[in-house]
Each structure stands twice: as C-alpha cells, then as structure tokens.
Amino acid sequence: MLNLGKRLFDTEDNLLTFLISIMLGMILLLGSLSILNKVPWSWMDKQMHYFRSIQIVNGDIIVSDNGNMAMMGGQVSESQNDFFEYWRAQGIAKEQAILRGWWNYGPEFEYSDETRFVANTKSVPYTPITYLPYSVVAWLNKSLKLPPKTEYLLMKIVGFITAFSLLIVILRLAPFGKLTMGILAMHPSTIGAMTAITADMLSTMFAWLFIIYSLRIFYKGLKQEKINWRDLSLYGGITLVMSMMKVPTFFLLAVYIGVMAFLWSRKVLRWSEKSILLSVLGISLFTSLIWILLVKDVNTGAYFGRHVSTSEQLSHIVSHPIDFIATFGRTLLSYKYVSIQIGYSNDMSYSIPIFLRCLYFIALGLSVLVQAPNIKKYLSKNPWLSYYKKGSILLYLGIFLTIFVILYLQFSEIGQNRIDGVQQRYFLPFLPLVLLVAPRRRFSTFLPPILITFFGMVPLLIHLTIIISQN
C-alpha cells in the first residue's frame with residue numbers, strides 16, 4: 001500500500017507517505033460527510049454562487065436590472081429560486097448547519113423551464129471559469145431535467161471531486177513541503193470551500209498548483225536541467241487559468257515574471273520557448289485587464305445597502321490620508337488572524353477554542369522543518385534562490401495588504417473608520433508563498449512529524465465531531 005502511495009505522491013519516505021495518506025483520508029471523510037449532512041445555506045454566500053453557476057450557463061455573464069450596477073445577475077428557474085428561498089426561510093444554518101437527510105425535508109421542487117431574473121451582484125465580478133465544475137452540472141441538467149436538490153448535490157459532489165483530484169496533483173508535483181501542503185489542505189475553511197459551491201474552490205486550488213509548478217520550474221532552472229515543451233505547456237496552461245481566478249489571485253503573475261527572468265538569466269531556453277512564456281504573460285495580463293474593466297462598475301457594496309463607491313472612497317483617502325492610515329493600522333492590529341471559518345456553523349453550540357486554533361498554525365509553521373531525505377538536492381547557495389524566497393515573502397505581504405485595501409474600496413462605506421468584509425479564508429490561497437521555503441534541516445526522528453500532523457489535524461477533528469454529533 002505504501003508503495004502505491006509513493007508512486008501517487010512521488011515520495012521516497014515511508015513516514016511522509018503514510019502521513020499524507022492519513023491526511024487525505026481525513027479530508028475525504030470530512031468532505032463526504034459535509035456534502036451529505038450540511039444544509040443549503042450553510043456556507044458563505046452559497047446561494048449566490050449556486051445561482052451564478054446557473055446564470056453563466058444561461059448566457060448571463062454581465063447582465064444588470066435596467067442598467068442598475070447594484071442589481072447585477074441573470075435568469076434562474078422558478079424552482080431553483082424556490083428551492084433556496086425555502087432553505088433560507090428555515091434559518092436552520094444560523095443555529096444548526098447539520099441536518100442528516102436534509103433532502104427529505106421540505107416541498108418537492110421539480111425541474112422548471114420558467115425563469116426569473118435574480119440579482120446576484122456580489123458574485124458577478126468573478127470570472128465564469130471559477131464556476132466551471134458547477135456550471136458543467138447546470139449545463140447537463142438542461143437535458144437531464146433533475147430537480148434542484150439533486151442538481152445542487154451533484155454540483156457539490158463534482159466540485160469536491162475536482163478539488164480533491166487537484167489536491168492530489170498538487171501534492172504529487174510539490175518538490176518539497178508536501179506535509180505543509182497537506183496540513184494547509186486540512187484547514188476547515190479549505191475543506192469548506194472544497195465541499196461548497198463557491199468561487200473559492202478553483203481559485204485556491206489553482207493558486208496552489210501555480211505556486212507549486214513555479215517552484216518545480218525554478219529548481220529545474222537552478223540545476224540547469226532541460227526544460228522541455230511539456231513543462232512549458234503545463235506551466236503556461238496553469239498560469240492562464242490561475243490569472244482568471246478571483247481577484248487578487250492574478251497578482252501571482254509576479255511569480256511568473258520572476259521565474260521567467262530567472263530562466264532568461266540561466267540561458268536554459270531557446271527563443272521559441274521564450275516566445276511561449278512571453279505570449280502566456282501577455283495573454284494573462286490582457287484577459288485580467290479586460291475582465292477588470294468589464295466589472296469595475298459592479299457595485300457589490302450598494303447591493304448590500306451600503307453607501308459604496310470606489311472613486312469616492314479613493315477621493316476620501318487622498319483628502320484624508322492620515323485618517324486612512326489610522327484606519328488601516330487599527331484594522332491590521334485588531335484583526336482576528338487565527339479565526340477559522342467553518343461556514344455559518346460558526347454560530348452553532350460548538351466552536352474551536354483559540355488555543356487549538358493557535359496550535360494549528362504553530363503546527364503549520366513547524367511543518368516546513370519536516371522534509372523528505374531528498375531535501376538536500378534543493379538546498380543551494382545560489383543568490384537567485386535567496387531572491388526567490390525574499391520575493392515570495394514580499395509578494396505575500398503585498399497581496400495580504402491589498403486584500404484589506406480592496407475591501408475598503410469596494411465594500412466598506414465611504415470614510416468609515418474600519419475595513420469591513422475581510423475574511424480569513426481570503427489569505428489561504430497565498431500562504432504557500434511563505435511556507436514553501438526549503439529549510440536547511442529536517443527532523444531526524446518520526447515523533448515530531450507525527451505530532452505536527454496530529455496538531456494540524458485537531459481543527460478538522462473538531463469539525464468532524466460537530467457533523468457527527470449534531471442531528
């Protein structure tokens with residue numbers, strides 16, 4: 001069995017292979033139970049993402065209600081709308097997100113061809129490709145004509161299979177830091193995104209996949225190994241898809257530019273290969289810019305009844321720079337960095353104690369010291385390695401701060417003294433930038449890796465307990 005795991009995860013160490021297998025098994029268990037037992041409306045904005053997946057299939061990419069940029073959306077069927085309105089009216093998710101056999105409750109909503117316009121402003125700025133797995137199900141259902149609850153379950157199942165498959169690919173391709181990526185994947189918010197209908201799922205997985213593949217290409221260049229067409233084709237494809245994920249994921253193009261400059265300096269590419277890299281960069285920047293221009297006027301804050309305007313907020317910042325700096329600093333200092341979102345089930349009678357949350361992040365940090373014996377071949381005194389590490393850390397800090405700025409510009413009310421809407425899960429796609437740094441040591445005994453993995457699994461176990469114990 002371990003030999004199969006070694007081939008699947010591209011590992012040589014028995015213990016590391018065993019720990020990765022255990023982590024994936026727990027993710028599979030929790031993910032399956034979440035899909036089957038969590039009621040609709042139990043994850044952030046799930047109704048919007050469900051509707052958006054359907055609206056994209058109906059051809060409503062950027063559609064407004066009589067030109068009102070605060071009322072963007074598209075067509076969904078009457079039965080699809082009634083299905084989610086029923087579950088929202090129950091209010092179950094605010095008190096108890098777990099209801100075994102929830103699909104046996106409530107009216108039977110049959111497939112309907114009759115449609116209506118539903119405002120869905122918050123999800124419109126996300127590119128259609130972020131909803132691809134769910135939209136495929138919605139497209140197939142035009143022929144299958146399954147009832148909304150079956151369509152909804154299939155969307156979640158297909159989304160989870162997609163995420164889990166990508167996670168295995170990520171772990172396989174990671175040149176090092178496989179344990180770190182496994183613990184990061186066990187974060188309850190990551191599993192929540194994997195099992196929900198959300199733009200976060202593909203955005204997180206492709207951000208991780210891009211960072212991992214960038215590392216592979218970088219280390220190939222560092223050792224002056226041949227980079228073939230297959231490497232470049234995969235890297236280009238991953239980069240193109242990543243650049244079309246949720247803002248600010250496309251900022252990871254800075255990594256691509258850095259890797260490209262490095263390969264140029266090492267003289268490991270022919271001109272035809274350089275042309276491919278430049279073309280991918282140009283297309284990625286162009287498509288990202290075009291999409292931003294298309295959705296820049298979508299007023300997500302006004303949809304929620306907020307007095308929001310990006311241009312007016314910018315004017316306020318320029319005219320009151322000291323107030324903005326104070327607001328920004330106060331928000332950063334008071335932010336709850338170790339909160340772990342498990343959906344609206346945060347409001348249940350169970351919660352994850354802060355000590356165990358801190359323990360998880362300590363385990364995540366210590367996991368970078370747990371490496372396979374082959375880590376030595378990734379250690380180098382080449383100055384480019386130092387530039388790559390420092391650049392990755394600076395990029396993470398830049399993205400981290402940018403997330404706060406974006407939410408202040410597009411979601412917070414004009415001139416208010418706090419930044420609203422920043423959720424901890426927004427930072428998860430970018431954490432590998434600072435975590436995947438090749439260390440200069442590894443634990444020599446089996447006990448620390450096992451303890452680190454266990455402590456990294458504690459929030460998952462608590463989440464699992466919530467699902468099993470509540471009925």
Side-chain angles (χ1 to χ4, degrees), residues 40-41 43-85 88 112-139 141-142 148 151-152 155 197-200 202-203 243-250 286-316 405-414 416 420-421 423 426:
W41 208 264
W43 183 254
M44 282 68 74
D45 307 320
K46 185 180 286 186
Q47 180 195 32
M48 292 184 178
H49 297 302
Y50 169 67
F51 284 163
R52 181 61 176 160
S53 304
I54 296 163
Q55 290 167 343
I56 289 168
V57 173
N58 290 335
D60 298 327
I61 307 300
I62 303 177
V63 177
S64 65
D65 184 14
N66 295 319
N68 184 353
M69 299 304 285
M71 294 293 286
M72 306 289 291
Q75 299 293 318
V76 301
S77 76
E78 291 287 356
S79 60
Q80 288 165 336
N81 183 69
D82 292 344
F83 165 69
F84 246 100
E85 285 300 317
R88 182 169 65 171
S112 171
D113 287 317
E114 186 178 353
T115 63
R116 59 180 296 174
F117 179 88
V118 173
N120 201 10
T121 307
K122 188 175 180 180
S123 64
V124 169
Y126 305 142
T127 62
I129 197 170
T130 58
Y131 295 100
L132 183 60
Y134 319 118
S135 292
V136 167
V137 175
W139 177 73
N141 201 38
K142 285 183 171 293
E151 176 188 50
Y152 168 79
M155 282 186 179
I197 299 172
T198 173
D200 290 331
L202 271 189
S203 295
S243 67
M244 292 185 281
M245 294 293 108
K246 282 181 64 174
V247 175
T249 309
F250 72 89
F286 178 75
T287 54
S288 298
L289 178 61
I290 290 297
W291 184 256
I292 289 171
L293 292 175
L294 287 173
V295 300
K296 65 181 178 65
D297 294 323
V298 176
N299 200 332
T300 56
Y303 176 73
F304 290 93
R306 294 167 172 266
H307 179 40
V308 173
S309 169
T310 299
S311 59
E312 290 183 39
Q313 192 75 287
L314 280 171
S315 298
H316 172 79
V405 173
I406 290 173
L407 268 298
Y408 189 67
L409 291 175
Q410 296 187 342
F411 193 73
S412 304
E413 294 202 12
I414 297 169
Q416 73 176 26
D420 290 333
Q423 300 181 38
Y426 296 162

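Atoms considered below: every heavy atom in the structure, side chains included; atoms not considered: hydrogens, waters and symmetry mates.
- A distance-only check finds a donor-acceptor pair linking the side chain of Arg52 to the backbone of Ile61 [under 3.5 Å].
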Going through the checks in order, is the side chain to side chain contact (heavy atoms under 4.5 Å, CB included) test met by Phe117 and Gln75? CA-CA 5 Å; Phe117 179 88; Gln75 299 293 318; 3.6 Å; yes
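- In this structure, Thr249 and Met244 have side chains that are not in contact, with every pair of non-hydrogen atoms separated by 4.5 Å or more.
- The structure places CG of Leu202 at 6.5 Å from OH of Tyr134, a figure rounded to the nearest 0.5 Å.
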Verify side chain to side chain contact (heavy atoms under 4.5 Å, CB included) between Asn58 and Lys142, making sure each step is shown before the conclusion. CA-CA 10 Å; Asn58 290 335; Lys142 285 183 171 293; 2.8 Å; yes
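- Using modelled atom types, no side-chain atom of Ser77 and backbone atom of Glu114 make a donor-acceptor pair closer than 3.5 Å.
- Atoms CE and CG, on Met71 and Asn120 in that order, are 10.5 Å from each other to the nearest 0.5 Å.
- Ile197 CD1 to Ser135 OG: the interatomic distance, rounded to the nearest 0.5 Å, is 10.0 Å.
- Considering all non-hydrogen atoms of both residues, Ala138 and Ser53 come closest at CB-O, 4.2 Å.
- With sequence neighbours left out, Val137 forms a side-chain contact (heavy atoms from CB on, under 4.5 Å) with Glu151, Leu154, Met155, Val158.
- The distance from atom CG of Leu293 to atom OG of Ser288, rounded to the nearest 0.5 Å, is 11.0 Å.
- Ser203 approaches Lys246 most closely through the heavy-atom pair OG-N, 3.2 Å.
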Show, in sequence, the C-alpha distance, side-chain angles and deciding distance for Ser123 and Tyr131, and conclude whether the side chain to side chain contact (heavy atoms under 4.5 Å, CB included) test is met. CA-CA 10 Å; Ser123 64; Tyr131 295 100; 3.4 Å; yes
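- Put simply, CD on Gln47 and CD on Glu85 are 5.5 Å apart, with the number rounded to the nearest 0.5 Å.
- Looking at Ile62 and Trp291, their side chains come closer than 4.5 Å, going by heavy atoms from C-beta outward.
- Judged by distance alone, the side chain of Gln313 and the main-chain N or O of Glu413 form a donor-acceptor pair under 3.5 Å.
- The side-chain heavy atoms of His49 and Asp200, taken from C-beta on, include no pair separated by under 4.5 Å.
- The minimum heavy-atom distance linking Ile56 with Pro128 is given by the pair CD1-CA, 3.6 Å.
- Phe250 is listed as a side-chain neighbour of Ile292, based on a closest heavy-atom distance under 4.5 Å.
- Interatomic distance, CZ of Phe83 versus OH of Tyr50, reported as 6.0 Å (0.5 Å rounding).
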Verdict with reasoning, Phe51 to Asn81, per side chain to side chain contact (heavy atoms under 4.5 Å, CB included): CA-CA 8 Å; Phe51 284 163; Asn81 183 69; 3.8 Å; yes
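- For the pair Ser412 (side chain) and Asp420 (backbone), a donor-acceptor distance under 3.5 Å is present.
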